[in-house]
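Within every chain, numbering begins at 1; the chains are lettered A, B, ... in the order of the sequence lines, protein sequences first and strands thereafter. Given the structure is predicted, the values throughout are model-derived calculations rather than measurements.
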Amino acid sequence: MWFNEKPRICLIPLENPPELIRFSILATKFGRILMGMVNAGQHEDAICLIYFVEKSDKETLKELRQRWPKSELLQDDKSVQSVADKLFEDNKENNDVIPIAILGTEFQQSVWAALIGLKSGETCTYSQLAERMGRPNAVRAVANAVAKNEVAILIPCHRIVSQNGATKYHWGSSLKQQLLTFESSLAN
DNA sequence: GAGACCAGCAGGG
DNA sequence: CCCTGCTGGTCTC
């Protein structure tokens, strides 16, 4: 349901790194992902990270520990899988709220919020995103913040293309292309 | 507070 | 293609 035209994504700012992250590695149509959840406010299962597994599970878990050194990490296949099942099911009718917990400065949060405002399948350039935020000169800063996004797919940084046509993507340009192709195939 | 770092961009050769 | 200047938030001293 994440690809619905207007997914009801709710961004929950975190003040500090979470004490406990429950995580699991699971399969999706785009490959294996590592997904983590935290308790945030009234949401028990707020998604705080989605990484693609590029090399091995072991490498990805190492990344997880490096990125979140202050958080206790607990493997919890069952509850993570049940959240992921809803998220990735091919059901446009399901429009439940998707809570996402994020840790970042105000500026970064506003960039991520702007990304979520993009429609499924719609792309835009870094400068267009900066303009949309009312900060037309802060292009490089926007790019910086986009790169710090922890929640692949749900915070759709794959919908950003650079003006010169290059399709760089943290998780590889072929994955970016797959995501965009999938999204535009749903538009009809 | 200084200086380096960036998934940008436009312009010039 | 490569180089340059401009830009602004964040991180590390």
Checklist entry - Which listed nucleotide (C/dG8, B/dC9, B/dA7) is nearest to the side chain of A/Thr125? => result B/dC9
Next on the checklist: Regarding A/Ser82 and A/Asp85, do their side chains bring together a donor and an acceptor under 3.5 Å, going by distance alone?
Outcome noted: no
Checklist entry - Between C/dC6 and B/dA7, how far is it from one P atom to the other, in whole Å? => result 22 Å
Next on the checklist: Main chain of A/Ile160, side chain of A/Thr123: is a donor-acceptor contact present, judged purely on distance under 3.5 Å?
Outcome noted: no
Checklist entry - Rounded to the Å, how far apart are A/Leu129 CG and B/dC9 C1'? => result 15 Å
Item to check | From C/dG9, B/dG8, B/dA7, nucleotide with atom closest to A/Val139 side chain | outcome: B/dG8
Checklist entry - Does A/Ser127 put a side-chain nitrogen or oxygen below 4.0 Å from OP1 or OP2 of B/dG8? => result no
Next on the checklist: Just the rounded figure in Å: distance from C1' of B/dG11 to CD of A/Gln163.
Outcome noted: 13 Å
Next on the checklist: The side chain of A/Arg135 is closest to which nucleotide in this list: B/dG8, C/dG8, B/dC9?
Outcome noted: C/dG8
Item to check | Length of the line joining A/Phe107:CZ and C/dT7:C1', which is rounded to integer Å | outcome: 11 Å
Item to check | Length of the line joining A/Asn144:CG and C/dC6:P, which is rounded to integer Å | outcome: 20 Å
Checklist entry - Of the nucleotides B/dC9, C/dG8, B/dA7, which has the atom closest to the A/Ala138 side chain? => result C/dG8
Item to check | A/Leu103 CG to C/dC11 P, straight-line distance once rounded to whole Å | outcome: 10 Å
Next on the checklist: Under 3.5 Å for both donor-acceptor distances, Watson-Crick or wobble: does B/dC6 have a partner, and if so which one?
Outcome noted: C/dG8
Checklist entry - Are A/Phe3 and A/Phe182 near enough that their ring centres are under 6.0 Å apart? => result yes
Next on the checklist: Heavy atoms from C-beta onward define the side chain here; which of C/dG9, B/dG8, B/dA7 lies closest to that of A/Val146?
Outcome noted: B/dA7
Checklist entry - Hey, does A/Ala143 reach any base, or is it just sugar-phosphate, or nothing, if we go heavy atoms under 4.0 Å? => result sugar-phosphate
Next on the checklist: Regarding A/Gln81 and A/Ser24, do their side chains bring together a donor and an acceptor under 3.5 Å, going by distance alone?
Outcome noted: no
Next on the checklist: If I take atom OH in residue A/Tyr169 and atom C1' in nucleotide B/dC6, what distance separates them, rounded to the nearest angstrom?
Outcome noted: 18 Å
Checklist outcome for this item: Taken to the nearest whole Å, NZ/A/Lys148 to P/B/dC5 is 14 Å
Next on the checklist: From CD of A/Glu131 over to C1' of B/dG8, roughly how many Å is that when rounded to an integer?
Outcome noted: 13 Å
Checklist entry - Quick one: do the A/Tyr51 and A/Glu150 side chains pair a donor with an acceptor below 3.5 Å? => result yes
